[in-house]
Number of protein chains: 2
Amino acid sequence: MKLIEREVVTALRRHGYKLTPQRRLVIQTVVSTQNHLTPIALYERVHQVYPNIGLVTIYRTLEILAKLKLICEVHAGGSCGSYLLKRPLEHHHHLICSECGAVVDFTGCDLSQLEQRLSLETGFEINDHLLEFIGLCQACQKEAT
Amino acid sequence: MKLIEREVVTALRRHGYKLTPQRRLVIQTVVSTQNHLTPIALYERVHQVYPNIGLVTIYRTLEILAKLKLICEVHAGGSCGSYLLKRPLEHHHHLICSECGAVVDFTGCDLSQLEQRLSLETGFEINDHLLEFIGLCQACQKEAT
DNA sequence: TATATAAATGATAATATTTTTCATTTAGAA
DNA sequence: TTCTAAATGAAAAATATTATCATTTATATA
Ligand SMILES: [Zn+2]
Ligand SMILES: [Zn+2]
Ligand SMILES: [Zn+2]
Ligand SMILES: [Zn+2]
């Protein structure tokens, strides 16, 4: 068993979750791919070796792994289905209030240095980036007191 | 009519889309809120003043506005439903191949200066950030030739 | 202004995704 | 080995999104 796999398994155990063969397989699959996977893509892979598994089990296992912060969510390419007027038409990003959903735009991200470093280190041809800051707007800060 | 609203309307016209009362209302609503909205939240608002509107019209209008790049998508708080093992448990981000979904992790984002600037400028209390780079991995670059 | 026409709408159905419910099975403690 | 709470999977329900199609309408043009 890979070291990282053992770590995930141990974390599950430590939090009192049982280690079922289904969960083992989900973990094995997640550990052994470099790609991000949707619940359904994951289901299809696990299903190959364990045809009896239910899609719900995938959802439930992902839920636990997310709660224990053992997996990350990827946004690029997908859609969270929430939209906003593009106020400055130029390149900009958002500062978002997690409480009320208010959005403030900002320009001047300057990630070019980081981008160049990553390009060199990984060989990726970088085309775009996604940057958001999450916090509380002034109004929601006051309400929280 | 607000200046920005007129700009959106003009852009629609310029691309040959008809200006229906339904579209006007969707645009008005998007223009007049600082919050990001889901299709359904938008539907509920427009529905108040135009009870006959269909949810499909909201979807279709958003689709057009997105294609013309007149709206932005927001990810914070939502879920794109794609997951990945958290390989370094420390704070890190992702470099994602838009072609094959391969993900490379990187650390050292250093956004603290930008974060501080935004905090001062907007009064937000910033708690988190979302950062992803999107591009083509080496393998997919070769395939593209 | 009246007319023609392609585009847009909304009702409905279809598809896709995610969550609930519940009877049965099972991992792990004792 | 036995017991019990947790986990599973089938099925249904709830949500979200997209497709189909008859009807309506915005706009170009006569
Ligand atoms: Zn940027
Ligand atoms: Zn997202
Ligand atoms: Zn790739
Ligand atoms: Zn960071």
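Chain naming here is simple, since letters A, B, ... match the order of the sequence lines and numbering starts at 1 in each. Predicted model, so just to flag it, every value in this text is computed and none were measured.
Take A:Gln48 and apply the side chain to side chain contact (heavy atoms under 4.5 Å, CB included) test, not counting sequence neighbours, and it matches no residue. Scanning for salt bridge (charged side-chain N to carboxylate O under 4.0 Å, His left out) contacts around B:Arg13 gives an empty result, with sequence neighbours left out. Every salt bridge (charged side-chain N to carboxylate O under 4.0 Å, His left out) that A:Glu121 has, sequence neighbours left out, goes to A:Arg117. Partners of A:Glu99 according to the salt bridge (charged side-chain N to carboxylate O under 4.0 Å, His left out) rule, which considers only residues two or more places apart in sequence or in another chain, do not exist here. Every residue two or more places apart in sequence or in another chain was checked for a salt bridge (charged side-chain N to carboxylate O under 4.0 Å, His left out) with B:Arg6, and none qualifies.
Sorted by first and then second residue, the ring pair (Phe, Tyr, Trp, His ring centres under 6.0 Å) pairs involving residues 3-27 of chain A (not counting sequence neighbours) form an empty list.
Atom CD1 of A:Ile64 and atom P of D:dA7 are 6 Å apart (whole Å). Atoms CG (B:Leu62) and C1' (D:dT18) sit 14 Å apart, rounded to a whole Å. For the pair B:Leu42 CG and D:dA16 C1', the interatomic distance rounds to 15 Å; values are reported in whole Å. Between B:Leu55 atom CG and C:dT12 atom P there is a gap of 15 Å when expressed in whole angstrom units. Atom P of nucleotide D:dT25 and atom CD1 of B:Ile53 are separated by 14 Å, given to the nearest angstrom. Counting to the nearest Å, the C1' atom of D:dA7 and the CG atom of A:Leu12 are 12 Å from each other. For the pair B:Leu25 CG and C:dG10 P, the computed distance is 11 Å after rounding to whole Å. For the pair A:Tyr59 OH and D:dA10 P, the computed distance is 16 Å after rounding to whole Å.
At C:dT9, one or more side-chain N or O atoms of B:Arg23 fall inside 4.0 Å of OP1 or OP2 (strictly under the cut-off).
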Between side-chain atoms of residues 133-144 of chain B and protein atoms elsewhere (two or more places apart, or another chain), which donor-acceptor pairs fall under 3.5 Å?
residue  : atom : partner  : partner atom : Å
B:Gln141 : NE2  : A:Gly123 : O            : 2.7
B:Gln141 : NE2  : B:Leu136 : O            : 2.9

Under 3.5 Å, side-chain donor or acceptor atoms of residues 27-34 of chain B against the rest of the protein: list the pairs with distances, not counting sequence neighbours.
residue : atom : partner : partner atom : Å
B:Thr29 : OG1  : B:Leu25 : O            : 2.7
B:Ser32 : OG   : B:Gln28 : O            : 2.9
B:Ser32 : OG   : B:Thr29 : O            : 3.4
B:Thr33 : OG1  : B:Asn35 : N            : 3.0
B:Gln34 : OE1  : A:Arg87 : NH1          : 2.3

**Prompt:** What string of B, S and - do you get for nucleotides 22-30 of chain C 5' to 3' if you count protein non-hydrogen atoms under 4.0 Å?
**Reply:** -----BS--
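When atom types are taken as modelled, the side chain of A:Thr122 and the backbone of A:Leu118 share a donor-acceptor pair closer than 3.5 angstrom.
Of the residues in residues 67-85 of chain A, not one places a heavy atom less than 4.0 Å from an atom of DNA chain D.
Using a 4.0 Å heavy-atom distance criterion, A:Tyr50 is classed as a sugar-phosphate-only contact.
B:His94 and A:His36 are not linked by any side-chain donor-acceptor pair at a separation below 3.5 angstrom, with hydrogens and angles left out of the test. There is no side-chain donor-acceptor pair under 3.5 Å between A:Asp105 and A:Thr107.
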What N/O pairs connect the protein and nucleotides 12-14 of chain D at under 3.5 Å? Give each pair on its own line.
none

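Taking the six-membered ring where the residue is Trp, A:Tyr43 and A:His47 present tilted rings, their angle falling between 30° and 60°.
Rotation axes derived from the C1' atoms of the five outermost pairs at either end of the helix from C:dT1-D:dA30 to C:dA30-D:dT1 lie 40° apart, to the nearest 10°.
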**Request:** Apply side chain to side chain contact (heavy atoms under 4.5 Å, CB included) to B:His129 and B:Leu111, showing your working.
**Result:** CA-CA 9 Å; B:His129 60 254; B:Leu111 297 169; 3.7 Å; yes
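Where B:Gly16 and A:Val56 each meet DNA chain C at their nearest nucleotide, the meeting point lying more 5' is that of B:Gly16.
Dense packing is recorded around CZ of B:Arg23, with more than 12 heavy atoms of other residues, nucleotides or ligands lying under 6.0 Å away.
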